[in-house]
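These numbers were taken from a predicted model, which means no experiment stands behind them.
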Amino acid sequence: MDAKIVNAFLTAGMNAFQNMFGIQAQPKEAHLLDFRSGHPWDISGVLCIRGNCNGIVCFRLHKILATKMLQLSGVNCKPEEFLNMEKELVMEFTNIISGNAVSELKDIYLDITPPKIITGHNHEISWSTNIPVIAIPFYTEKGPFEVDVSLY
């Protein structure tokens, strides 16, 4: 996978947290993800990318960070709407990260699908077994998150 693509998603993740929530996101070292070994994440925003590259991008986080993001967004909602609003926020955030990354890759034609949300501790993502998944972990003062990129 082209480092230019991975870097575009890394930059987009950092910028989106800073611009939307005033939170500095510090990247950790990107690494190959062993998706067969499970994961700690509670919520994943998943989208497909088509064009000169094809594959999947996921924005993954713990529920506690999703809750803090929703609180920082200033959205007021009833307690019974809170879980749904967290999912909507993660969906939109995934879309923003991917949209910004794709915009940076002007010389590569990419089309993104609307994100889907998958929830539940250690939920499954249908990764291709033939394509590597690059995990880009981030640390914030409100909690960690990860952007996983698998494109061919």
In residues 45-54, what donor-acceptor pairs under 3.5 Å come from side-chain atoms, sequence neighbours left out?
| unit_1 | atom_1 | unit_2 | atom_2 | d |
| --- | --- | --- | --- | --- |
| N52 | OD1 | Y109 | N | 2.5 |
| N54 | OD1 | G51 | N | 3.2 |

Contacts of K28 that satisfy salt bridge (Lys or Arg N to Asp or Glu O under 4.0 Å) - sequence neighbours left out:
none
For the student: nearest non-hydrogen atoms of A30 and I136, plus distance
CB-CG1, 4.3 Å
Mind listing the closest non-hydrogen atom pair of G55 and Y152 along with its distance?
N-CE2, 4.3 Å
Rounded distance [0.5 Å steps], CD in E81 versus CG in N76:
10.5 Å
Treating D42 as the side-chain partner and H62 as the backbone partner, does any N or O pair qualify as donor plus acceptor under 3.5 Å?
no
I5/L151 under side chain to side chain contact (heavy atoms under 4.5 Å, CB included): CA gap, chis, key distance, verdict
CA-CA 9 Å; I5 294 171; L151 299 173; 3.4 Å; yes
Would you say E80 has more than 12 foreign heavy atoms packed within less than 6.0 Å of its CD?
yes
Taking a hydrophobic cluster as the set of Ile, Leu, Val, Met, Phe, Trp and Tyr residues connected by side-chain heavy atoms closer than 4.5 Å, whether directly or through intermediates, do L32 and W41 fall within one such cluster?
no
For residues V149 and L61: do they belong to one hydrophobic cluster (side chain heavy atoms under 4.5 Å, members Ile, Leu, Val, Met, Phe, Trp, Tyr)?
yes
Cluster link L83 to I43, ILVMFWY, side chain under 4.5 Å:
no
To the nearest 0.5 Å, tell me how far K68 NZ sits from L70 CG.
13.5 Å
Would you say C58 and I56 make side-chain contact, with heavy atoms under 4.5 Å?
yes
Side-chain touch L33/R60, heavy atoms, less than 4.5 angstrom
yes
Minimum heavy-atom separation for P27 and A25, please, with both atom names.
CD-O, 3.7 Å
Counting distance only, does the side-chain N/O of N122 pair as donor-acceptor with the main-chain N or O of G38 below 3.5 Å?
no
Straight-line distance of E86 CD to T119 OG1, nearest 0.5 Å
10.5 Å
Check the pair L10 / V147 against side chain to side chain contact (heavy atoms under 4.5 Å, CB included), numbers first and verdict last.
CA-CA 8 Å; L10 185 141; V147 177; over 6 Å; no
Return the minimal non-hydrogen interatomic distance between P144 and L65, and the atom names on each side.
O-CD2, 3.3 Å
How long is the gap from CE on M91 to CD1 on I96, to the nearest 0.5 Å?
12.5 Å
Mind checking whether F59 and F9 have side chains closer than 4.5 Å, heavy atoms only?
no
Can you find a heavy atom in the side chain of F35 that is under 4.5 Å from one in the side chain of I125?
no
Please check this pair: side chain of H31 against backbone of I134, looking for a donor-acceptor N/O pair closer than 3.5 Å.
no
Heavy-atom side-chain contact between F93 and I97 under 4.5 Å:
yes
Do L105 and L110 come close enough that some side-chain heavy atom pair is under 4.5 Å?
yes
Is there a ring pair (Phe, Tyr, Trp, His ring centres under 6.0 Å) between H39 and H123 once you walk through the steps?
CA-CA 8 Å; H39 61 83; H123 54 270; 4.7 Å; yes
With sequence neighbours left out, which residue pairs that include part of residues 11-27 fulfil the side-chain hydrogen bond (donor to acceptor under 3.5 Å, both in side chains) condition?
none
Do the side chains of V102 and M14 join up, straight or via other hydrophobic residues, at under 4.5 Å, putting them in one cluster?
yes
Taking all heavy atoms of I112 and all of N95, pick out the closest pair and write down the distance.
CD1-OD1, 3.8 Å
Would you mind reporting whether L72 and K142 have side-chain heavy atoms less than 4.5 Å apart?
yes
For the atom pair OG (S44) and CD (E146), what is the distance rounded to the nearest 0.5 Å?
9.0 Å
L89 versus A66, closest heavy-atom pair with distance:
CD2-O, 4.2 Å
Rounded to the nearest 0.5 Å, what's the gap from NZ on K63 to NZ on K87? Could you check?
9.5 Å
Using the rule that Ile, Leu, Val, Met, Phe, Trp and Tyr join whenever any side-chain heavy atoms are under 4.5 Å apart, tell me whether Y139 and F17 fall into a single cluster.
no
Can you check whether I117 reaches E88 side chain to side chain, under 4.5 Å on heavy atoms?
no
